[in-house]
2 protein chains.
Amino acid sequence: MKLSTKGRYGVKAMFDLAQHVGEGPTSLKSIAERQGISEHYLEQLISGLRKAGLVKSIRGAQGGYLLGREPDKIRIGDIIRVLEGPIAPTDCVSEEAPEICSKAEFCVTRTIWEKVRDSIADVLDSITLETMLEDAKKIESERSLYMYYI
Amino acid sequence: MKLSTKGRYGVKAMFDLAQHVGEGPTSLKSIAERQGISEHYLEQLISGLRKAGLVKSIRGAQGGYLLGREPDKIRIGDIIRVLEGPIAPTDCVSEEAPEICSKAEFCVTRTIWEKVRDSIADVLDSITLETMLEDAKKIESERSLYMYYI
DNA sequence: ACAAATCCCGAGTATTTTTATAAGATATAA
DNA sequence: TTATATCTTATAAAAATACTCGGGATTTGT
């Protein structure tokens, strides 16, 4: 039940882009450096995000990447689904094209995995990049408040 | 974000044992046959469950396995934790011994994984083998009702 | 006492997934 | 035209997964 680095790196990279909205294209290299991720590896991940329309690319010198839409229109679930595939604790309850199982109607374990799937999807779809930006702002202000009292 | 066969097979096997509570020990072979799992592989999984006290074993001819406690005292989360390890979408938010990360206090992605972890744990800890037995009974009665009207 | 049934344990292996690395092609700004 | 980027495809090491196998220990029934 672990997320792979694809999902984790992908969310980090998308959040990085969100933090630079309005500053023109951000190069992969700078994202990779800030987030501590292999640039070549990130390249593969962002390729999928681009095909899914979550980011836009601008080629050539001074090029880079931009968010495909406003931060409040990009849910973490959207990112995870592109990079890790449909949310599915088991194949038989995959969000898309669940593996057909002849015992599905009687299967009691199946209903458990459905609940797990839905609870994960609910969390991931309730958080957007905008939410993350707000959280980051909150943490930052709390932090400076804390520093003030020391 | 997939459960491995360990978790899935383990829950199946435990549910099978729950369905035979009060009938004396159930052999691994019969569980494996009913659930369509390799016997040797299941042996490895149940060994862990035994060490965790979730099942008791009786050796020798006519031996087999029994639930370690009442079905309503065994949560699906207990089974999953034994077979798949602590619930943790990422190492940095593992239920036990989370990997230390210097950026933890400022990390916004981390709070996402915490929410995911908690939502999974909530679901898995809210369902017991007893719950599953009740669900199975319900499905069975609905099924016979349906058959009646055909 | 013995055979059959059953649990117990450790080692070995094939497959798949993960996590990259690398080389070179293509596009664009300056 | 050169430097800076993205884009594409291929390769591969490392780790995890999902078994498989062989033999030993324990108990029951004959």
### Message
Less than 3.5 Å apart, any donor N or O on the side chain of A:S141 or A:S144 sitting next to an acceptor on the other?
### Response
no

### Task
Would you check if there is a donor-acceptor pair between the side chains of B:T5 and B:Y41 at a distance under 3.5 Å?
yes

Give the rounded distance in Å between these two atoms: [atom1] of [X] and [atom2] of [N].
X	N	atom1	atom2	result
A:I46	C:dA20	CD1	C1'	17 Å
B:L83	D:dA16	CG	C1'	16 Å
B:Y9	D:dT17	OH	P	14 Å
B:H40	D:dA18	NE2	C1'	14 Å
B:L49	C:dC8	CG	P	12 Å
B:E39	D:dG23	CD	P	17 Å
A:D91	C:dT16	CG	C1'	13 Å
A:K2	C:dT18	NZ	P	13 Å

Of all the nucleotides listed ([options]), which has the minimum atom distance to the side chain of [X]?
X	options	answer
A:K6	D:dT6, C:dT21, C:dT18	C:dT18
B:Y65	D:dT17, C:dC7, D:dC7	C:dC7
A:S57	D:dA10, D:dT6, C:dC8	D:dT6
A:A61	D:dT8, D:dC19, D:dA3	D:dA3
A:Q44	D:dA10, C:dT6, C:dC7	D:dA10

### Query
Step by step, would you call B:E84 with B:S4 a side chain to side chain donor-acceptor pair (under 3.5 Å)?
CA-CA 8 Å; B:E84 307 254 352; B:S4 75; 2.9 Å; yes

### Query
Does A:S47 or B:T5 map to a spot on DNA chain D nearer the 5' end, using the closest nucleotide for each?
A:S47

Below 4.0 angstrom from OP1 or OP2 of [N], is there any side-chain N or O of [X]?
X	N	value
A:R50	D:dT8	yes
B:S27	C:dT6	no
A:S38	C:dT21	yes

### Query
Which is true for B:L28 with a 4.0 Å heavy-atom rule: it touches a base, it touches only sugar-phosphate, or it touches nothing?
sugar-phosphate

### Query
Does the C:dC7 base have a donor-acceptor partner in the side chain of B:E43 within less than 3.5 Å?
no

### Query
5'-most contact on DNA chain C: A:R59 or A:Q62, nearest heavy atom basis?
A:R59

### Task
Give the cluster check for A:I31 versus A:V21: same hydrophobic cluster or not, with ILVMFWY residues linked at side-chain heavy-atom distances below 4.5 Å.
yes

### Message
Connecting only ILVMFWY residues whose side-chain heavy atoms lie within less than 4.5 Å of each other, what is the rest of B:I100's hydrophobic cluster?
### Response
none

